[in-house]
Structures are given as structure tokens and as C-alpha cells.
Amino acid sequence: MNTETLASASAEIEQKGFLDLEVDPTLDLFAEIERLKKEKNAIVLAHYYQDADIQDIADYIGDSLGLAQQAEKTEADMIVFAGVHFMAETAKILNPTKKVVIPDLKAGCSLSDSCPPPLFKRFKEQHPDHVVVSYINCSAGIKALSDVIVTSSNAKIIVDSFPQDQKIIFAPDKNLGAYINKVTGRNMVLWNGACMVHEIFSLERITKLKVQYPKAKLLAHPECEEPILRIADYVGSTTGILKYSQTDDAQEYIVATETGILHQMMKASPGKTFIPAPPDNGCACNDCPHMKRNTLEKIYLCMKYEQPAIEMEEQLRLAARKPIERMLEISAKAGL
Ligand code: 13P
Ligand code: SF4
């Protein structure tokens, strides 16, 4: 690609967050993405909340922990991250010599945005004798202020690894924090953040669905609010929810997390019925607008032009890496 094309692509990314070039509508994007994977020695990592067609072209689909583990160990030259910004940033922190591209730089996260580093720094200073445990759904700036990172797969194990009398700040998700307080018997100080997708499930509409489907089990992500978690039959990460639905012998499930997960659930258990839990806004199911910014076209373009790419200042990367490494070590010891 010549310098002029690169410069105009960079300007467009700065303005829009993604490349908006015309993609030939006759192009077989599935075949083109496969071709680019080979040509550029690239790997596509996708979160379960991505659209079904993106999951179908991915080399690995997983939850935040699985995606971080894959990003750390991959030997591919280019990591194409079909997820949101903090996930791609984590991949770059763990594997800095690789090019990490993201289909849309503006694929953010309401939870991560609810915790700006300067405010959190002040909050931390108000609790000097506390260690900081942060959910991976946060910026590199917050990670750099943390002692250890957790995901919904390992939060309990990691919190349990601290002595019972250790004072802890948990950020940024107050719902996951409250759930971990409950299952560990702790009293962690919680940052007041939440996920815009998981905090709007409607208890009333879910209760009506339970009456309509009396044999259905309710599966919920711990980012949901407490009244939903209290009536859930299973609470866990996206991987946990998927595994539970495969091994459990019920035939019907109400699923209280983002709808993208249903694609793998239906693929793994084609005979079972999966009903998305409804939010309190009148819609039937609940999509994350950030995750859903990614499209096959944007994946194709970011692979072709190798942009937008995640870049980060080295000092910040090193500071953010430490608590992630601690998480990966504890997880590996626990067999996760
Ligand atoms: P997990 O897939 O790690 O459970 O996280 C859910 C989520 O909200 C990711 O943004
Ligand atoms: Fe963030 Fe919630 Fe979307 Fe996950 S589902 S990326 S936590 S806004």
C-alpha cells in the first residue's frame, strides 16, 4: 500500500474509528478472510457476543479469560480481535510484538467507561490499606492501578486467594462485585459501575417467562443485577453458561446475557430450546451495541489494511501487564 493511501486510511480511522471503504458486494467475505488469514499469518479471536457469521469465521471463540489466554500464547503475526476495545488492548499488553487489529476502534464498553483512571486513582487513595481487584472490563489505565485482574470465570478463586481479613476494592462492576461478596462472604468496597446490557434485564418479564416455561432453567451472567441472580438456577461467565447448558439435562433455558451466546448454545445442543431473557425496554432480546459494531466487512478491511491497530505507551503496557499476569498465573494453578 502506498504512503498516500495509508495516510488517508489513518485520517478516516481517526474520524470514524473504522475503515469505511467500499467492499465489492460480490466478494465472498468468508473466503477472502480465510485467504487473508493465510497470507498474513493472522488469527481471528472472537467473543461469544459477536454476530453468528463472525463466530463462524473465528479461529477461537471464548470468554474474556479464554481470549486473553489465546492472545498471550498465539504465534500468529497478526491478532484480529472481534470483540471490544479493552479485549484487544489486553491482547496487545500480553503479546506486544504482534500486530493487534480491531474492526472498529469505537467498539467500547459502558462498564469500562464507567471507571475513568483519574477518578479511580482518587478513590484508591481514599482506601490506602486496600488491594485493588479489577474486572478485566476496564482500560489499561485502570489495570495499571490494580493489583490483580479477574474475569467472571476466575473472580471467586482470585478473591479467595487473599486472606479473609485483607481489605479489597473491587472495580468497576458493582453487580459482579456484590455477587462475589455474597459467595465469598467478603465486604469488598465496590466501584459504582455497571454493564448497560446486563443491568437492564427485566425481573417482571423474566418471571412471566418462567410461568410460561415452567421447566426452563434461568442461566445468568454475574454482571446482572442481584434480583435476577437470586432467582437464577446457574450464575457464571459466558463459557460457564455455555458448558452448563451442554451438560445439564434440562431441555429449556432462559438466558440472561447478551444474545450472541445463543449461537454456540444452539450449535452445541440443537435439540434444546434457548429463550433470550428480555430487557425492560420492550425489546425481545438484549444486544451489546459495542460488540455489534463489528461486521464481516470491517473484519475484512482491518485485515487487508492492517488498521485500526492497537498501540500503547510501553510504560503503561508494563504496568497494566503485571496484574493480568498475576491473574493468568492463579488461573493456571486452578486449572482454568
Ligand atoms: P465473559 O465472556 O468473560 O463472561 O464476559 C462477558 C462480558 O460482558 C464481556 O464484555
Ligand atoms: Fe461492556 Fe456489557 Fe458490552 Fe460486555 S456486554 S462489552 S460489559 S457493555
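Keep in mind the model is a prediction, meaning the values are calculated, not measured. Every number for a ligand or one of its atoms is a count from 1 in the order of the listing.
Checking only distances, Thr151 never comes within under 3.5 Å of ligand 1, N or O to N or O. Considering backbone and side-chain N/O of Ser237, none are found under 3.5 Å from N/O of ligand 1.
Shown are the protein N/O/S atoms under 2.8 Å from atom 3 (Fe) of ligand 2, given by residue and atom: Cys288 SG.
In summary, Lys243 and Asp63 do not engage in a salt bridge, as defined by a charged side-chain N under 4.0 Å from a carboxylate O. A salt bridge links Lys37 to Asp59: one of the charged nitrogens lies within less than 4.0 Å of a carboxylate oxygen. Note on Arg35 versus Glu39: salt bridge recorded, some NZ/NE/NH1/NH2 to OD/OE distance being below 4.0 Å. Looking at Glu306 and Lys99, a side-chain N of the basic residue comes within less than 4.0 Å of a carboxylate O on the acidic one, giving a salt bridge.
Aromatic ring pairs are classed by plane angle as parallel below 30°, tilted from 30° to 60° and perpendicular above 60°; the pair His130 and His127 is perpendicular. Between His198 and Tyr49, the two ring planes are tilted [angle within 30° to 60°].
Looking at Asp63 against ligand 1, both its backbone and its side chain come within 4.0 Å, counting heavy atoms. Residue contacts with ligand 1, taken as heavy atom pairs separated by less than 4.0 Å, involve Tyr49 solely via side-chain atoms from C-beta onward. Contact annotation: for His221 versus ligand 1, heavy atoms closer than 4.0 Å belong to the side chain alone.
If you look at Trp191 and Phe170, their ring centroids are not closer than 6.0 Å.
Under a 4.0 angstrom heavy-atom cut-off, Glu223 registers as being in contact with ligand 2.
The shortest contact between atom 8 (O) of ligand 1 and any protein heavy atom is with Glu223 OE2, 3.0 Å. Counting protein heavy atoms only, atom 10 (O) of ligand 1 is closest to Asn137 ND2, 3.3 Å.
Partners of Glu125 according to the salt bridge (Lys or Arg N to Asp or Glu O under 4.0 Å) rule, which considers only residues two or more places apart in sequence or in another chain, are Lys121.
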